[in-house]
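First the structure, in the form of structure tokens, and then the observations on it.
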Amino acid sequence: MKTEKLSISLPADAVRFVESYRKQHKLHTRSEVFAKAVRALNEKDLAEAYRASAHENRKLVAEWDSTSNDGLENEPW
């Protein structure tokens with residue numbers, strides 16, 4: 001996997017958290033902590049997008065169902 005180097009600035013308490021997380025989860029580098037965090041954010045955004053899409057699909061199905069009961073029988077076109 002191709003990687004790119006970033007430089008970031010964080011408050012001291014955030015740096016302590018990152019280092020603590022790295023040690024607790026036996027990660028080799030701080031970069032692994034950030035990569036894991038970015039994956040989690042991406043998964044969260046994808047899950048929200050899927051939920052929104054499912055909600056929109058349910059609305060469309062409900063609208064379709066309401067028009068399919070228009071009183072007409074299976075009429076040939």
Side-chain angles (χ1 to χ4, degrees):
M1 172 193 337
K2 183 180 177 192
T3 61
E4 293 187 33
K5 186 172 185 163
L6 300 174
S7 175
I8 62 168
S9 299
L10 296 171
D13 59 330
V15 173
R16 284 190 296 275
F17 172 79
V18 168
E19 189 58 26
S20 173
Y21 188 93
R22 183 191 68 77
K23 289 177 182 177
Q24 287 176 356
H25 295 272
K26 297 178 174 55
L27 300 175
H28 297 288
T29 65
R30 291 176 178 174
S31 292
E32 290 179 79
V33 175
F34 286 100
K36 193 171 183 174
V38 168
R39 277 192 304 274
L41 288 170
N42 188 37
E43 289 171 3
K44 179 180 176 276
D45 285 351
L46 285 173
E48 288 174 5
Y50 284 131
R51 270 194 297 281
S53 177
H55 176 73
E56 186 62 28
N57 286 340
R58 282 192 299 274
K59 279 179 34 183
L60 290 173
V61 167
E63 289 171 8
W64 174 259
D65 286 347
S66 69
T67 61
S68 65
N69 293 325
D70 60 5
L72 301 176
E73 296 300 320
N74 294 326
E75 296 184 26
W77 292 94

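Numbers for residues simply follow the sequence, beginning at 1.
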Approximate separation, where rounding is to 0.5 Å, of Gln24 CD and Lys26 NZ: 9.5 Å
Residues which pass side chain to side chain contact (heavy atoms under 4.5 Å, CB included) with Phe17, listed by chain and number, not counting sequence neighbours: Tyr21
Are Glu48 and Lys44 close enough for a salt bridge, meaning some N to O gap below 4.0 Å? yes
Search all heavy atoms of Leu27 against all heavy atoms of Val33 and return the closest pair with its distance. CD1-CG2, 3.7 Å
May I ask whether Val18 and Ile8 are part of the same hydrophobic cluster, defined by side-chain heavy atoms of I, L, V, M, F, W, Y residues being less than 4.5 angstrom apart, directly or through others? yes
Hey, what do you get for NE2 (His25) to NZ (Lys36), rounding to the nearest 0.5 Å? 5.5 Å
Sequence neighbours excluded - salt bridge (charged side-chain N to carboxylate O under 4.0 Å, His left out) pairs with any residue from residues 10-20: Glu19-Arg22, Glu19-Arg30
